[in-house]
Amino acid sequence: MARHLITSALPYINGIKHLGNMVGSMLPADVYSRYLRQRGHDVLYICATDEHGTPAELAAKEQGIAVADFCAQAHDAQKAVYDGFALAFDHFGRSSSQENVEITQHFARKLHENGFIEERAIRQVYSPADGRFLPDRYVEGTCPHCGYDKARGDQCENCTRVLDPTDLIEPRSAISGSTDLEVRETKHLFLLQSKLQHEVAEWVSRHDGVWPHLASSIAHKWLTEGLHDRAITRDLDWGVPVPADTWPELAAEGKVFYVWFDAPIEYLGSTKEWADQDPENRDWKSWWYDVDTDVRYTQFMAKDNVPFHTVMFPATELGIREPWKKVDFVKAFNWLTYYGGKFSTSQKRGVFTDQALEILPADYWRYFLIANAPESDDASFTWEHFIATVNKDLADTLGNFVNRVLSFSKKRFGEEVPAGGEPGEAETKLGEQIAELLAEYESHMESLQFRKAAAALRALWSAGNSYLEEKAPWLEIKTDKDAAALTLRTAMNLIHLYAVVSEPFIPTTSKAMRQAFSLPDDTATWVTPDEARALTAVPVGTPFIVPPVLFAKLTDDDLELYKERFGGE
């Protein structure tokens, strides 16, 4: 089996992320990682906080603390939320780590040696009021393309167009708000992407028909517009320093690398952080260096990150002229909106991940978000849709099935799995149906079609309810106790199967379902087709308990409460 390297776009350090960020990168990566591990693959899931750049400095300044302290605290706060969502990273690192500094500087030196970095004098915005040059995000103004009046000097949050600070209309300092800005000359390093255009285009074309249309179309759009040489250094106090052994003058001026140069390199840096925790047993380069045929690399990200991962970072990797691993599959997502409007970290619009966990346990959110993942188009979060999904799929279809089966069996047969008669036509039919639905579920998970996978999982749960309604053990027991026992025993085996195969979506609930049965030798990580047909994983006589309610039904009062707190239509 191939080893699977999985990364999700790095969450930026300035603040807790919203649900759109969660479903656009980290959560689907976690679901896929969990699935692959269950199927017996060797998986390494890597992520980190993206800590450099102007927003971190501005946020630290606003709080009146050192930027390093701010980032350390924010990293811990974000990690706590991701732990709450049961994201099973192999390592969740920090782009400010020494490992990332070393690898970033190595990449820069190699690009320079190969003729792909050039020092240029440029004219840059300077603020006399602040006594400093203003890097891109330190300049705010009106976007010349869409008229959005809170555009930043690197990118417009509204239309996503990449900008230069001098493009902005009515620019102002993000530090002081001063509009008394000048343009002065200073020196910076430029990555000569134009010299790598042909190589990048050829590399992207090799993935046509492999990557999802969303990822390929964005990459080709950027390539059609042409790759431009781009400044990769900034005038900041916080970042990966330009190495003095290669650029002494710029290093003396305190130049650091642009966050979008060092951030993707942190995938490697975070892997090295992971390896450095146990150097005798972990080799980070075995995942990244000269491993094209051994490692399958899958990246997860929202569409606004696609250009950087499919064009810009590949240009960096190609220019190094070393055999570093490049992405095999880019799983790109559209946006999750909040009642049709964008979630926004900067403008505090929508539901944020820490708030979500205050309201309901993680599995409610995990299932809803993946079942409604914005894969083919943008998707809209509404409280009405959320509550309807929770009640129908989780509370009624799965939770009620588990509670009905175990409660009724305990009442009629005691606290052990009953024996009953031999499986008949209904059980044979059910087994074939379960095996078929399981194969469909697996197929969608293998192809990273998450909404379809969720639909197949939902169909597996529904099959159990249909079987229960058809056999009606509450009626069978009046005339044929063995027949009722057989139905309940079969249904209990379905619960165990659901516990195993639902784990990528709802890991906490799956654990509770599995622990309902006292099976000391229960080491199952997946279910084979034959096991799905037989439904005998839980033997007769196995002790069981009735777990607490798995999913509470949400009410109209809950709806009003949520909309009052967060706003709605």
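None of these values were measured; they are calculated from a predicted model.
- Judged purely by distance below 3.5 Å, without hydrogens or angles, the side chains of Tyr35 and Glu446 pair a donor atom with an acceptor atom.
- Shown here is Lys326, whose NZ atom has more than 12 heavy atoms of other residues, nucleotides or ligands within 6.0 Å.
- Here the closest non-hydrogen pair linking Glu273 and Gly93 is OE1-CA, 3.4 Å.
- Between the side chains of Asp208 and His220, at least one donor N or O sits under 3.5 Å from an acceptor N or O.
- Look at Asp235 and Arg132 and you find no salt bridge, because none of the NZ, NE, NH1 or NH2 atoms lies under 4.0 Å from a carboxylate O.
- Environment of CZ in Arg161: sparse, with no more than 12 heavy atoms of neighbouring residues, nucleotides or ligands closer than 6.0 Å.
- In this structure the side chain of Glu170 never reaches within 4.5 angstrom of the side chain of Asp149, judged on heavy atoms.
- Among pairs with a residue in residues 294-312, those fulfilling salt bridge (Lys or Arg N to Asp or Glu O under 4.0 Å) read Arg3-Asp294, Lys303-Asp378, at least two apart in sequence or across chains.
- Applying the 6.0 Å contact sphere to NZ of Lys187 captures no more than 12 heavy atoms from other residues, nucleotides or ligands.
- Lys325 and Glu317 are not joined by a salt bridge, as no carboxylate oxygen comes within less than 4.0 angstrom of a charged side-chain nitrogen.
- A distance of 8.0 Å separates CG of Leu87 from OG of Ser8, quoted to the nearest 0.5 Å.
- No side-chain heavy atom of Asn100 sits under 4.5 Å from any side-chain heavy atom of Ser270.
- For the ring-ring contact (aromatic ring centres under 6.0 Å, His included) with Tyr45, the qualifying choice from Tyr267, Phe89, Trp274 is Phe89, the only one to do so.
- Between Leu181 and Ser127, the shortest heavy-atom contact is CD2-CB, 3.8 Å.
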Practice task
Could you please spell out the steps behind the salt bridge (charged side-chain N to carboxylate O under 4.0 Å, His left out) verdict for Arg152 and Asp154?
Solution key: CA-CA 6 Å; Arg152 301 185 302 251; Asp154 64 338; 3.5 Å; yes

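- His41 NE2: more than 12 foreign heavy atoms inside a 6.0 Å radius.
- Geometrically, Arg230 does not engage Tyr258 in a cation-pi contact, judged by NZ or CZ lying under 6.0 Å from the ring centre and within 45° of the ring axis.
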Problem - Intermediate values then yes/no, salt bridge (charged side-chain N to carboxylate O under 4.0 Å, His left out), Arg39 and Glu442 - result: CA-CA 10 Å; Arg39 300 307 305 276; Glu442 292 170 354; 3.7 Å; yes

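- Within the 4.5 Å cutoff, the side chain of Thr54 has no heavy atoms near those of the Trp238 side chain.
- For the atom pair Leu58 CG and Asn14 CG, the distance stands at 9.0 Å (nearest 0.5 Å).
- Using modelled atom types, one finds no donor on one side chain facing an acceptor on the other under 3.5 Å when comparing Gln449 with Ser447.
- His309 pairs with exactly one of Trp211, Phe300, Trp260, Tyr297 by the ring-ring contact (aromatic ring centres under 6.0 Å, His included) rule, that one being Trp260.
- Remark: Asp167 CG to Thr142 OG1 distance equals 12.5 Å, nearest 0.5 Å.
- Within a 6.0 Å radius of CD in Glu358, more than 12 heavy atoms belonging to other residues, nucleotides or ligands are found.
- Neither side chain, Gln124 nor Thr186, offers a donor N or O lying under 3.5 Å from an acceptor on the other.
- Atom CE of Met301 sits about 7.5 Å away from atom OG1 of Thr310, to the nearest 0.5 Å.
- Under the ring pair (Phe, Tyr, Trp, His ring centres under 6.0 Å) criterion, Phe257 pairs with Phe261, sequence neighbours left out.
- In terms of heavy-atom proximity, Leu223 sits nearest to Gln197 at O-NE2, 2.9 Å.
- Lys150 contributes atom NZ, which lies 13.5 Å from atom SG of Cys143 (distance to the nearest 0.5 angstrom).
- Contact detail for Pro28 and Phe450: the closest heavy-atom pair is O-CZ, 3.6 Å.
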Handout entry: side chain to side chain contact (heavy atoms under 4.5 Å, CB included) evaluation trace for Phe381 with Tyr338
Key = CA-CA 5 Å; Phe381 177 92; Tyr338 185 74; 3.6 Å; yes

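- In this structure, Thr49 OG1 and Lys17 NZ are separated by 10.0 Å, a value rounded to the nearest 0.5 Å.
- Taking both residues in full, the closest heavy atoms of Val31 and Pro504 are given as CG2-O, 3.3 Å, listed atom of the first, atom of the second, then distance.
- Within the 4.5 Å cutoff, no side-chain heavy atoms of Phe70 are placed close to those of Glu57.
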Exercise for the section: Verify salt bridge (charged side-chain N to carboxylate O under 4.0 Å, His left out) between Lys285 and Glu322, making sure each step is shown before the conclusion. Expected result: CA-CA 12 Å; Lys285 281 193 174 181; Glu322 293 179 341; over 6 Å; no

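- Judged purely by distance below 3.5 Å, without hydrogens or angles, the side chains of Asp229 and Ser194 pair a donor atom with an acceptor atom.
- Residues Ser173 and Tyr138 are not in side-chain contact: their nearest non-hydrogen atoms beyond the backbone lie 4.5 Å or more apart.
- Contact record, Tyr12 with Ala56: OH-N, 3.2 Å, taken as the closest heavy-atom pair.
- His213 NE2: 12 or fewer foreign heavy atoms inside a 6.0 Å radius.
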Problem - Working for side chain to side chain contact (heavy atoms under 4.5 Å, CB included), residues Ile175 and Leu134 - result: CA-CA 9 Å; Ile175 303 172; Leu134 299 181; 4.0 Å; yes

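- Using a 4.5 Å heavy-atom cutoff, the side chains of Asp90 and Ile6 are not in contact.
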Practice task
Apply side chain to side chain contact (heavy atoms under 4.5 Å, CB included) to the pair Cys47 and Leu10, showing each step before the final yes or no.
Solution key: CA-CA 6 Å; Cys47 193; Leu10 309 186; 4.3 Å; yes

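- Listed by first then second residue, pairs satisfying side-chain hydrogen bond (donor to acceptor under 3.5 Å, both in side chains) with a partner in residues 78-88 read Gln78-Tyr82, Lys79-Asp83, not counting sequence neighbours.
- The closest side-chain donor-acceptor pair between Ser178 and Asp180, if any, does not fall under 3.5 angstrom.
- Using a 3.5 Å distance cut-off with no hydrogens or angles, the side chains of His52 and Glu266 do not pair a donor with an acceptor.
- Looking only at side-chain heavy atoms (C-beta outward), Trp324 and Trp288 come within less than 4.5 Å of each other.
- Using a 4.5 Å cut-off on side-chain heavy atoms (C-beta onward), Arg451 and His444 make no contact.
- A salt bridge is defined here as a Lys NZ or Arg NE, NH1 or NH2 lying under 4.0 Å from an Asp or Glu carboxylate O, and Asp237 with Lys61 fails to meet this definition.
- A side-chain hydrogen bond (donor to acceptor under 3.5 Å, both in side chains) with Thr233 holds for exactly one of His188, Glu119, Lys255; it is His188.
- The aromatic rings of Phe386 and Phe368 lie perpendicular to each other, with more than 60° between the two planes, well past the 30° mark.
- Arg109 has no carboxylate O lying under 4.0 Å from a charged side-chain N of Glu113, or vice versa, which leaves the two without a salt bridge.
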Exercise for the section: Show your working on side chain to side chain contact (heavy atoms under 4.5 Å, CB included) between Trp247 and His112 and close with a plain yes or no. Expected result: CA-CA 10 Å; Trp247 296 282; His112 178 62; 3.6 Å; yes

